[in-house]
J.: 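Okay, handing you the structure first.
Just so it is clear: chains get the letters A, B, ... in the order the sequence lines come, proteins before strands, and each one is counted from 1. This one's a predicted model, so the numbers in the text were calculated from it and none came from an experiment.
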Number of protein chains: 2
Amino acid sequence: MKDVAARAGVGLKTVSRVVNGEPGVTAETEHRVREAITALGFRRNDSARVLRKGRTASIGLVLEDLADPFYAPLSRAVEEVARDHGALLLNGSSAEDPARERELVLALCARRVDGLVVVPAGGDHRYLEPETAAGLATVFVDRPGGLIAADAVLSDNFGGARDGVAHLVAHGHRRIGFLGDQPRIHTATERLRGYRAAMAAAGLPVDASWVSLGPTAPDRVRAETERMLTGPSPVTALFTGNNRVTATAVRVLARHPRPVALVGFDDLELADLLTPAVTVVAQDASRLGRTAAELLFRRLDGDAGPPRHEELPTRLIARGSGELPPADGTSG
Amino acid sequence: MKDVAARAGVGLKTVSRVVNGEPGVTAETEHRVREAITALGFRRNDSARVLRKGRTASIGLVLEDLADPFYAPLSRAVEEVARDHGALLLNGSSAEDPARERELVLALCARRVDGLVVVPAGGDHRYLEPETAAGLATVFVDRPGGLIAADAVLSDNFGGARDGVAHLVAHGHRRIGFLGDQPRIHTATERLRGYRAAMAAAGLPVDASWVSLGPTAPDRVRAETERMLTGPSPVTALFTGNNRVTATAVRVLARHPRPVALVGFDDLELADLLTPAVTVVAQDASRLGRTAAELLFRRLDGDAGPPRHEELPTRLIARGSGELPPADGTSG
DNA sequence: CTGAAAGCGCTTACAG
DNA sequence: CTGAAAGCGCTTACAG
């Protein structure tokens, strides 16, 4: 910038004015400055700008896995909102590891992002308090933050699972399995709660062997699915707790001799083309991301109200797999 | 940092040493400094650090759409490599718009990212020259940069498409349709070239009505697919140029009275569970991202060799749809 | 309409 | 082992 000023024969401040489109520069002066800028290949260094202005016009997004078909559209939605507000997006995957989440979040804070959208992996976010005190805005999405009063945008995990299981009950099932993610994940326990509520509402008992929470690695899900389909009290229907679990369960059911009904939480690409097509409780991942990012920017614009919790509805999409009648392996 | 130094009763430089883990500080002094840091809730401001050091320990990734199931794993792979090198990832979608690509890239440059991984939307990257001259490293991935000598990591689009089409020819097809993306996209024309090469190698003519390049919006793809399946010279097999096109084509074929063979470029989740299961030419999106990011960091570590072009192999996965025999609608 | 001075929060030599 | 001074590239008051 100094070089540009020298070449154009003007002061530093004048160059700054031109670069930032501020008023109060003669057309002729501006022309000289622009000429010098292109001749020298000058580009403003935003790091220096940030140092003075305080705001970085960037936000951070920390989620579980950028590659997951649920989180990818969520990211894109956050990016679009950021773009509308002239901000850039810094992105990171926690890989469901609380230590990695913390490390990432703090690295983003050190870069002085203006705000943060976080899908938490851990259950304790008190480490954010100094940052929040220093002016950082944070919105949790998909899952609430832990031990901290903060904004959160969630899906109706409880209601969605309850309705999905009730759908199976309405189609005559009494022995329904629940295959979910690890119990330390908020959405997993909420969906399990929905399952139990639907069973209780129908007056149905829940055998301990019908419920399985744990890592969503295909091996475990496959083993657990097979276990529920055999044994003394086999299930006639399955409720799967997220997209990864559903994909694996569908693979197992495709090779199973008896038809087994299935409702999955989260929609899957091509789910409508399978035989039977897969009935799902769909979340709107884009809308989750958009809502969270919009809330974040409202905070950055000065909204200092109490922490807000927004809950988005889910949608049951009946396609076939959830409407199969019970095929009772024990009695026929 | 000044406050920390004052509170600990030491100089600024000593605080800097502690924060950066540099040697040459008494255990007792270090303890005093650390105490002051936690008491004051101090976090180093990396913007200031960047201003002095020159390096930002961040890289930018610009691609078409963060939410696309092909680009999402590519992003994640770039992120992992960045993480291994202690760098953060700034991310943006160009939405296949050259102007938006340029805008994003320049915004990332203004933040002084150390390097850039770019899936180009535009065909002219001379705008990067001043940045490159100033030390920016750039690696293009999935598609080469335009009018600029730069590193590129690509899939073998030509060979993959050629083999996929040859596979259909080997199963008896003579009238094969090609449904691809817009012709200004490098991968679209490369794959079309592969299609033509396979047809030529088999001595088969290509009717103009069998080739369709254009936007991958479902409406257009649906219309074009239906057009190729009817009319005077209907195709008996389809080669689809990417994941989005394949998904739409599969939907059309599912409702079509006659079986039509299909090979798609790019793998799809659940493709193995469809009836018939979808034969694809799979790219390794993660490996593309990883290879590009690793090359970028080699450049940042000082590798100043001539621009490198790496080409990754594709893999034909036969699952059923590509092995269907011709069902000739005209002759029976 | 234009510019010289001070300062954002760090690090880099350099000196004790 | 420790610190005072200068400077990274901008912007913010302030003065002409």
Side-chain angles (χ1 to χ4, degrees), chain A residues 1-37 40-58 86 106-107 109-114 130-131 134-136, chain B residues 1-37 40-58 86 106-107 109-114 130-131 134-136:
Chain A
M1 193 145 131
K2 203 169 52 188
D3 298 342
V4 172
R7 180 173 175 127
V10 300
L12 227 53
K13 176 58 200 166
T14 301
V15 178
S16 175
R17 283 198 184 91
V18 171
V19 169
N20 294 307
E22 287 168 29
V25 182
T26 330
E28 200 260 312
T29 310
E30 175 168 348
H31 181 76
R32 279 218 316 283
V33 172
R34 293 217 177 277
E35 187 278 327
I37 286 176
L40 267 39
F42 167 81
R43 307 263 195 225
R44 183 177 64 197
N45 183 332
D46 278 359
S47 299
R49 176 164 225 246
V50 158
L51 195 53
R52 285 295 326 207
K53 301 213 76 151
R55 284 257 173 128
T56 58
S58 62
L106 292 179
C109 289
R111 303 299 168 100
R112 294 293 189 269
V113 293
D114 298 330
E131 311 295 340
L136 177 83
Chain B
M1 192 147 131
K2 204 169 51 186
D3 297 342
V4 172
R7 178 171 176 128
V10 301
L12 227 52
K13 176 59 200 167
T14 301
V15 178
S16 175
R17 283 200 183 89
V18 171
V19 169
N20 294 308
E22 288 167 30
V25 182
T26 330
E28 201 260 311
T29 310
E30 174 168 351
H31 181 76
R32 277 216 318 281
V33 172
R34 293 216 176 277
E35 187 276 329
I37 286 176
L40 267 39
F42 166 82
R43 308 263 194 227
R44 181 178 65 196
N45 183 334
D46 278 357
S47 298
R49 176 164 225 246
V50 157
L51 196 52
R52 283 296 326 207
K53 301 214 75 154
R55 284 258 172 129
T56 58
S58 62
L106 291 179
C109 289
R111 303 297 169 102
R112 294 294 188 270
V113 293
D114 298 330
E131 312 294 340
L136 177 84

J.: NA contact type, V19(A), heavy-atom cut-off 4.0 Å: base, sugar-phosphate, or nothing?
T.: nothing
J.: Once you apply a heavy-atom cut-off of 4.0 Å, does D46(B) come out as touching a base, just sugar-phosphate, or nothing?
T.: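 Answer is nothing: D46(B) stays at 4.0 Å or more from every strand.
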J.: For E22(B) and dG3(D), what is the distance between atoms CD and P respectively, to the nearest whole Å?
T.: 14 Å
J.: Tell me if the side-chain of R43(A) makes a donor-acceptor pair with the base of dG9(D), cut-off 3.5 Å, by modelled atom types.
T.: no
J.: Under 4.0 Å from OP1 or OP2 of dC1(C): is there any side-chain N or O of T26(A) that close?
T.: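 The answer is no; no side-chain N or O of T26(A) sits under 4.0 Å from OP1 or OP2.
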J.: Under a 3.5 Å cut-off for both distances, is dA4(C) Watson-Crick or wobble paired, and to whom?
T.: none
J.: Could you tell me whether the side chain of R43(A) and the main chain of A110(B) form a donor-acceptor pair under 3.5 Å?
T.: no
J.: Find the distance K2(A):NZ to dG3(C):C1' and express it as a whole number of Å.
T.: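 Result: 16 Å.
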J.: What's the CD-P distance between E28(A) and dC1(C), to the nearest Å?
T.: 13 Å
J.: Measure from CG on L12(B) to P on dA13(C) and round the result to the nearest Å.
T.: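 In whole Å, dA13(C) P lies 17 Å from L12(B) CG.
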J.: Are OP1 or OP2 of dC10(C) and a side-chain N or O of K53(B) less than 4.0 angstrom apart?
T.: no
J.: Just the rounded figure in Å: distance from P of dC8(D) to CG of L51(B).
T.: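 One finds 9 Å between P of dC8(D) and CG of L51(B), rounded.
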J.: With a 4.0 Å cutoff (strictly under), does any side-chain N or O of T14(B) reach OP1 or OP2 of dT2(D)?
T.: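 So the side-chain polar atoms of T14(B) never come under 4.0 Å of the phosphate oxygens OP1 or OP2 of dT2(D).
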J.: Examine dC10(C): is either OP1 or OP2 under 4.0 Å from a nitrogen or oxygen in the side chain of S16(B)? Give yes or no.
T.: no
J.: Roughly how far, to the nearest 0.5 Å, is the CG atom of L40(B) from the CE atom of M1(B)?
T.: 13.0 Å
J.: Scan every strand shown for a Watson-Crick or G-U wobble partner of dA13(D), both distances under 3.5 Å, and answer none if you come up empty.
T.: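 With both distances under 3.5 Å required, dA13(D) matches none.
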J.: Quick one: do R49(A) and N20(A) satisfy side-chain contact (heavy atoms from CB on, under 4.5 Å)? Show the steps, please.
T.: CA-CA 11 Å; R49(A) 176 164 225 246; N20(A) 294 307; 3.1 Å; yes
J.: For V10(B), which contact category applies under a 4.0 Å heavy-atom criterion: base, sugar-phosphate, or nothing?
T.: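 Sugar-phosphate: the residue V10(B), judged by heavy atoms under 4.0 Å, touches backbone atoms but no base.
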J.: Toward the 5' end of DNA chain D, which comes first, E30(B) or K13(A), by nearest nucleotide?
T.: E30(B)
J.: In this structure, how many angstroms lie between the P atom of dG7(C) and the CG atom of N45(B), rounded?
T.: 18 Å
J.: How close or far is atom P of dC10(D) from atom CZ of R17(A), stated in whole angstroms?
T.: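 Checked: the CZ to P distance equals 16 Å.
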J.: Could you go through D46(B) and R112(A), starting from their C-alpha distance and side-chain angles, then the distance that decides it, and tell me whether this counts as side-chain contact (heavy atoms from CB on, under 4.5 Å)?
T.: CA-CA 7 Å; D46(B) 278 357; R112(A) 294 293 189 269; over 6 Å; no
J.: Counting any heavy atom closer than 4.0 Å, what does R44(B) reach on the DNA or RNA strands: base, sugar-phosphate only, or nothing?
T.: sugar-phosphate
J.: Does a side-chain N or O of T29(A) approach OP1 or OP2 of dC1(C) to a distance below 4.0 Å, or not?
T.: no
J.: Just to be sure I understand the rule, does S47(B) reach a base, reach only the sugar-phosphate, or reach nothing, if contact means heavy atoms closer than 4.0 Å?
T.: nothing
J.: Separation of R52(B) atom CZ from dA5(D) atom C1', in whole Å?
T.: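 In whole Å, dA5(D) C1' lies 11 Å from R52(B) CZ.
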J.: What pair of heavy atoms forms the shortest contact from P23(B) to R17(B), and how long is it?
T.: O-CD, 3.9 Å
J.: OP1 or OP2 of dT11(D) sitting under 4.0 Å from any side-chain N/O of N20(A)?
T.: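 N20(A) to dT11(D) OP1/OP2: side-chain N or O found under 4.0 Å.
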J.: Can you check whether T56(A)'s main-chain N or O pairs, donor with acceptor, with R111(A)'s side chain at less than 3.5 Å?
T.: no
